[in-house]
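This report concerns only the one structure given below.
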Amino acid sequence: QVQLVESGGGLVQPGGSLRLSCAASGFTLDYYAIGWFRQAPGKEREGVSCISSSDGSTYYADSVKGRFTISRDNAKNTVYLQMNSLKPEDTAVYYCAAGPPKYGGRATMTSADFGSWGQGTQVTVSS
């Protein structure tokens with residue numbers, strides 16, 4: 001069964017950090033770009049970051065540039081999202097999904113281009 005599983009969410013104070021993990025089972029991440037999306041209550045799903053499969057090119061939404069870092073460890077079949085300097089507006093459910101191999105080099109992210117969505121992990125930034 002092809003599946004992505006997110007973990008690492010939680011409650012953190014503003015200015016704090018979290019590292020999210022996206023682990024694959026049933027398939028190899030090597031051939032896919034992996035994207036992180038988030039959805040806050042009452043808002044549309046937003047593309048946050050993406051990393052390509054081959055050259056490691058990356059995409060970041062303007063709202064997270066300089067604060068979030070995406071990386072992948074193909075040996076562990078896992079992609080990570082390091083989130084620093086968290087803000088209350090980062091509060092959302094975070095999802096990972098698989099996309100076309102070179103997607104990280106694009107200027108935008110569209111959820112319709114991704115599949116094999118995980119179940120999501122809640123990130124809450126609050127004092």
Side-chain angles (χ1 to χ4, degrees):
Q1 182 179 1
V2 174
Q3 190 175 11
L4 290 171
V5 179
E6 304 94 338
S7 62
L11 173 63
V12 63
Q13 292 185 343
S17 298
L18 284 174
R19 188 177 80 157
L20 304 184
S21 299
C22 172
S25 63
F27 71 105
T28 302
L29 288 181
D30 295 26
Y31 307 113
Y32 299 91
I34 298 298
W36 283 97
F37 294 80
R38 66 186 181 187
Q39 189 164 21
K43 294 188 177 181
E44 293 186 356
R45 189 167 294 189
E46 171 192 20
V48 174
S49 183
C50 182
I51 185 166
S52 295
S53 64
S54 53
D55 61 5
S57 56
T58 57
Y59 163 87
Y60 294 97
D62 288 343
S63 57
V64 306
K65 279 182 182 176
R67 301 188 297 122
F68 290 12
T69 303
I70 192 170
S71 62
R72 64 191 300 152
D73 186 338
N74 287 344
K76 294 183 177 180
N77 221 23
T78 301
V79 170
Y80 304 97
L81 185 67
Q82 178 67 44
M83 307 187 296
N84 298 329
S85 302
L86 283 162
K87 305 175 181 180
E89 51 263 44
D90 295 318
T91 296
V93 178
Y94 284 70
Y95 302 88
C96 64
K102 297 182 180 180
Y103 208 94
R106 296 182 57 166
T108 60
M109 286 178 68
T110 302
S111 58
D113 293 332
F114 288 77
S116 300
W117 292 83
Q119 82 292 346
T121 185
Q122 176 70 47
V123 172
T124 303
V125 184
S126 175
S127 55

Using side-chain heavy atoms (C-beta onward) and a distance below 4.5 Å, is Val79 in contact with Ile51?
yes
Same cluster for Leu4 and Leu20 if Ile/Leu/Val/Met/Phe/Trp/Tyr side chains link at under 4.5 Å?
yes
Might you confirm whether atom OH of Tyr32 has over 12 heavy atoms from other residues, nucleotides or ligands at distances under 6.0 Å?
no
Which heavy atom of Ser126 sits nearest a heavy atom of Pro14, and at what distance?
C-CD, 3.6 Å
Which value, rounded to the nearest 0.5 Å, describes the distance between Ser25 atom OG and Gln3 atom CD?
4.5 Å
Could you check whether the rings of Tyr94 and Phe68 sit parallel, tilted or perpendicular, using 30° and 60° as the cut-offs?
tilted
Test Trp36 against Ile70 for side chain to side chain contact (heavy atoms under 4.5 Å, CB included), laying out the working first.
CA-CA 9 Å; Trp36 283 97; Ile70 192 170; 3.7 Å; yes
Taking Met109 as the starting point, is it possible to reach Trp117 by hopping between hydrophobic residues whose side chains are less than 4.5 Å apart?
yes
For residues 80-91, tabulate all N or O donor-acceptor pairs below 3.5 Å that involve a side-chain atom, not counting sequence neighbours.
from: Gln82; atom 1: NE2; to: Asn84; atom 2: OD1; distance (Å): 2.9
from: Asn84; atom 1: OD1; to: Ser17; atom 2: OG; distance (Å): 2.9
from: Asp90; atom 1: OD1; to: Arg38; atom 2: NH1; distance (Å): 2.9
from: Asp90; atom 1: OD1; to: Arg67; atom 2: NH2; distance (Å): 3.0
from: Asp90; atom 1: OD2; to: Arg67; atom 2: NH1; distance (Å): 2.7
from: Asp90; atom 1: OD2; to: Arg67; atom 2: NH2; distance (Å): 3.4
from: Asp90; atom 1: OD2; to: Lys87; atom 2: N; distance (Å): 2.8
from: Thr91; atom 1: OG1; to: Pro88; atom 2: O; distance (Å): 2.9
from: Thr91; atom 1: OG1; to: Val125; atom 2: N; distance (Å): 2.9

Quick one: salt bridge (charged side-chain N to carboxylate O under 4.0 Å, His left out) pairs with a partner in residues 108-127, sequence neighbours left out?
Arg106-Asp113
Work out which heavy atom in Glu6 is nearest to a heavy atom in Thr121; give both atom names and the distance.
CB-CG2, 3.9 Å
Which atoms form the tightest heavy-atom contact between Tyr59 and Ala107, and what is the distance?
CE1-O, 3.1 Å
Lys65: what forms a side-chain hydrogen bond (donor to acceptor under 3.5 Å, both in side chains) with it, not counting sequence neighbours?
Asp62
Would you check, one step at a time, whether the test side chain to side chain donor-acceptor pair (under 3.5 Å) holds for Asp55 with Ser57?
CA-CA 6 Å; Asp55 61 5; Ser57 56; 2.9 Å; yes
Any side-chain to backbone donor/acceptor pair from Asn77 onto Phe27? Under 3.5 Å, distance only.
yes
Are any non-hydrogen side-chain atoms of Ser53 and Arg72 less than 4.5 angstrom apart?
yes
Give me the atom names and distance for the closest heavy-atom approach of Lys76 to Thr78.
O-OG1, 2.8 Å
Minimum heavy-atom separation for Gly120 and Val93, please, with both atom names.
CA-CG1, 3.9 Å
Spatial distance of atom CG (Leu29) from atom OG (Ser116) [nearest 0.5 Å]:
10.0 Å
Any chance you could lay out the side chain to side chain contact (heavy atoms under 4.5 Å, CB included) test for Tyr60 and Thr69, step after step, and finish with the verdict?
CA-CA 8 Å; Tyr60 294 97; Thr69 303; 3.9 Å; yes
Looking at every heavy atom in both Cys50 and Ala33, which two are closest together, and how far apart are they?
SG-CB, 4.0 Å
Aromatic ring pairing Tyr103/Phe114, orientation class (parallel under 30°, perpendicular over 60°, tilted between):
perpendicular
Transitively linked via ILVMFWY side-chain contacts under 4.5 Å: Val123 with Val64?
yes
